[in-house]
Structures are given as C-alpha cells and as structure tokens.
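To start, the structure under review is shown below, and the notes come after it.
Order of the sequence lines sets the chain letters (A, B, ...), proteins ahead of strands, with each chain counted from 1.
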2 protein chains.
Amino acid sequence: MSSTPDFNEKQIQILLVAETLFAEKGFDGTSIRNIAKEAKINIAMVSYYFGSKERLLESLIFYRTKDLKIQIENLLVEDLEPIAKINKLIALYINRINSNKGIFRILHFEMATQKKELNIKSFYDLRKSNLKSLEAIITEGQDKGVFRKDISIPLITPTILGTFFHFHMNKEYFMDLLNINTEDLYNNYINVNLTKHIQQTIKALLIYES
Amino acid sequence: MSSTPDFNEKQIQILLVAETLFAEKGFDGTSIRNIAKEAKINIAMVSYYFGSKERLLESLIFYRTKDLKIQIENLLVEDLEPIAKINKLIALYINRINSNKGIFRILHFEMATQKKELNIKSFYDLRKSNLKSLEAIITEGQDKGVFRKDISIPLITPTILGTFFHFHMNKEYFMDLLNINTEDLYNNYINVNLTKHIQQTIKALLIYES
DNA sequence: ATAAAAATTAAACAACTGTTTAATTTAAAC
DNA sequence: GTTTAAATTAAACAGTTGTTTAATTTTTAT
C-alpha cells in the first residue's frame, strides 16, 4: 500500500506555482523551467521532490482533492427539505469549484487527453463519494413523493458541473456577452446568477410533472 | 478584408490528421513532426501551406466551423410548437457536436488557455448566430404563454452544451459508471439517453411553474 | 566537533521543438 | 519544348524540453 504523502513547505510552494501555470497554459504548455523560475527554485528540485513532471501533476491533484471530501457529507445529515438540500449542495459545489478554479480547470482538461496514465485514485474516490451523496438526497426526495422518479441521477452531475464549466471555460465570451467588466463582477455573477440558474434548472427537472 | 481561404486536397488531408491529433493529445502535446508522419508528408509542408502551427489550428477551426451555420437557421421557419423546436434544436446540437467531437474538443479546451491569440471570428459568429436562434424560439414560446419568463436565456446554452461536454470529457469515467463497454453503445447512449436527459431538463426549466 | 542526511546548485545530456533554407522534382502555361 | 510556377525534399537552425549528474552547501543527529 502507498502511504499518503505529506508535503513540506517547499513542496507546497512548488505545487502552488505549478497549479497556477498548468491552469493558465496547460500541462504541456508549461515547462519545468517556467515553474522553477516562478517558484524561485532550481530546476532540479522538481525531479528531486516529485520524481518527474507527471508525478508533480499527480501530487498536485492529490494535494488539492484530499481535503475536499468532508464538506459534502456533512450536508446529508442536516434537517432540511430535499429541495433545500439540493440547492445547498449546488451552491456548495459551485462555490468550492469556483474557489479552486485552478485545479479543476487542470483536471477538466488533462483528464480529457487520455495519454497520461495518471494515478488519480483520490479524485475518482471523491467523485464516487459525491455521486453517492447526491443519490441519497434524491432518493430521499423521491420517497417523500416530492421528486419525480423518471430521471437519470448520474446525468445530474454533468448538468450541474457542465453548466458551470462551460460558462467558465468560455469566460471571455460570456464576459463580453453579458457586459461583465471586472473579475469581481464575474465572480459575483457566478455566485448569484449562475448558481441560481443551475438551482432553478435542477429544481425544475426534479419536481416538474407534465 | 481577408478572403475566405479554400483548401486543396493535400491541405485538407493535413487538417484532418491535425484534428485527430490535437483532439487526442492537445495542441501543445502534438508536434508538427507527429502530424507530418501521420499524414505522410514532409515536415516543411505545414509551414509551406499554413505558415505556422498556430495558423494551422486557425485554418482547422475555420474549415470545420464555416459550414455548421446553415442547419440551425432552417429550424426557425419550421411549423412546430416551441417545445418541439427546442427538442429538435437540442437533438441537432448534440448530434452535430457528437459527430464533430474532434474539433469541438479542441475548441473547448484551446479556447480556455488564453495564451493563443487566435483569429477565430468564424467561431464567434457561429456562436452569436446560434444564440440568436435559441432566443427567437424561446421568446416565441414566451409570447405564446407556454414558456416561463423568469429564465436566463444566455445560460441555457451552457446547460445544453456543458452537460454534453462534461459527459464526453469524462467519457472513461461514465463508461465505467454506466457499464458502457463499446464505442457504439457509447454513441447510442449519447443519442438516446443523454439527449433525452438534456431535453427533459430544458423542457422542465422552460415550462415549470411552482 | 564530527558524521550522516538532506537540500541546493550549475552543468551537461540527448532528444525534441517550430521554422527556414536552398536544392530538386513535378506540374502548368505558353 | 521551354519557361515559369508550384510542390516536395533533406538538412540545418537555434531554442527548448525533461531529466540526470556530480559537486557543494546546509541542516540534522550524535
């Protein structure tokens, strides 16, 4: 079994710089020398600490996903109506991804280029766990008779996250389209309008009856 | 004014190879030598025909998006109920993107890394035009009193496309999750289940009344 | 203070990057 | 058939790539 790695200050410093650069320019678009320069370390330190560039990415993913699990599970035991739970879950999702834009952008598109055989079990675990939570809330709502039953639960996550990602991946386009001029306004739009839109959409899907 | 370029057979052959490789390994992950080898041409031919690697990408985007515009506009004049139009629009969207996975994957994530100052006016035009079509259908439905009015039209596209993309970008994960074993079954799942889910979601969003 | 371990460095490695050159072959025009 | 243009080629260009080496400095343990 592989023990869970613990990172020291220097390593974390490297990880944070790598995160920014990978998110900005992509994994292949970022060189170890870029990272070293930005982090003010010698280029050999990356290999020294992480072994390789690929393992640096693995470490980054592990570092960022390991502590994201807990928050959601707490939601399950709260005493709320199903629809309120869903709304809270969505707000939690968006808020969390929005404040971890870097790593999620990296994940979103390094996952897609299958070439890399990354060891990202921690990320898969996070996903399955999140899906279980969502499933629990929805079946609870179905049992109570407030949610319809002819829906595909595994496709709800793509709708929630996909809507957010598509918006964010096309940030420039939407800022132009919606006359959003500053970074603050952009984040505000996400937290208010986009979150509301997604909540409204999922709510409609769950409780609509023709 | 720049005239619209026409591509000869050899150029198209290069574009198609580039499309496959860019989609598989990303723009930065693909070298001109990769392309040349796969297309069985000399490496100098890319510069000869397109000027540079970046301009090759531009050409590819132009080549793929220029003829995608027409289909949707025809939909507007058909004599259908608003909700039927929306359903048809969604099916059209998904089907088209699904049969042009390569270029859309490239667009989806080369757009995101802002470094490139690509000349992709043709793509922006396509977008604005598509949004206009969607807007027309929805306002028509609102005027007829079948669609609710407190919705954000610009955020509907992210929900439609985002759901699809998120699903497709995480193809491996969902094939595992949903026990989809073959490429055919995967495409079938998209055309049937995923399309239906998106239609169901948008329909619920548009006509739900609390 | 001494020995052992960890951290840091500059330099080198060979392979690969996009692009250009100048020469040669093929095709088109007259 | 000759001339002009287009297409194709191998070779070279100057940088950059990820990684390793071996030497040196710094830290830790004894």
Output the rounded distance in Å from [atom1] ([X]) to [atom2] ([N]).
{"X": "A/I14", "N": "D/dG18", "atom1": "CD1", "atom2": "P", "value": "14 Å"}
{"X": "A/K10", "N": "D/dT27", "atom1": "NZ", "atom2": "P", "value": "10 Å"}
{"X": "A/L21", "N": "D/dT17", "atom1": "CG", "atom2": "C1'", "value": "16 Å"}
{"X": "A/E54", "N": "D/dT19", "atom1": "CD", "atom2": "C1'", "value": "13 Å"}
{"X": "B/Y48", "N": "D/dA5", "atom1": "OH", "atom2": "P", "value": "12 Å"}
{"X": "A/L57", "N": "D/dG18", "atom1": "CG", "atom2": "P", "value": "13 Å"}

Is the shortest side-chain N to carboxylate O distance from [X] to [Y] below 4.0 Å?
{"X": "A/D176", "Y": "B/K128", "result": "yes"}
{"X": "B/D79", "Y": "B/K85", "result": "no"}
{"X": "B/E183", "Y": "B/K171", "result": "yes"}
{"X": "B/E24", "Y": "B/R105", "result": "no"}

| request: Test side-chain contact (heavy atoms from CB on, under 4.5 Å) on A/F50 and A/L15 and set out the steps. | output: CA-CA 10 Å; A/F50 301 98; A/L15 289 176; 3.8 Å; yes
| query | Can you find a side-chain donor-acceptor pair between B/K196 and B/N191 that sits under 3.5 Å? | reply |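 Not at all, the side chains of B/K196 and B/N191 share no donor-acceptor pair under 3.5 Å.
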| field | Sole residue of B/N130, B/I137, B/I138 in side chain to side chain contact (heavy atoms under 4.5 Å, CB included) with B/L134 | value |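 Between B/L134 and the candidates, side chain to side chain contact (heavy atoms under 4.5 Å, CB included) is satisfied uniquely by B/I138.
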| When you list every nucleotide of DNA chain C with an atom under 4.0 Å from a heavy atom of chain B, which one comes first 5' to 3', and which comes last? |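 With heavy atoms of chain B under 4.0 Å away, the range is C/dT17 to C/dT20.
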| query | Just by modelled atom types, is the B/A91 backbone N or O under 3.5 Å from a matching donor or acceptor in the B/T195 side chain? | reply |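 Between the backbone of B/A91 and the side chain of B/T195 there is no qualifying donor-acceptor contact (under 3.5 Å).
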| So, is the end of the B/K53 side chain (NZ or CZ) under 6.0 Å from the ring centre of B/F27 and within 45° of the ring's axis? |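 B/K53 over B/F27 ring: yes.
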| Looking only at side-chain N and O atoms, does A/S31 come under 4.0 Å of OP1 or OP2 in D/dT17? |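 Answer yes for this pair, as a side-chain N or O of A/S31 is under 4.0 Å from OP1 or OP2.
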| message | Please classify the nucleic acid contact of B/F50 as base, sugar-phosphate, or nothing, using heavy-atom distances under 4.0 Å. | response |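 Result for B/F50 = nothing.
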| task | Check each residue of residues 32-42 of chain B for a non-hydrogen atom within less than 4.0 Å of any atom in DNA chain C, then write out the ones that pass by number, or none. | result |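 B/I32, B/R33 - these, ordered by number, are the residues of the stretch whose heavy atoms sit under 4.0 Å from the strand.
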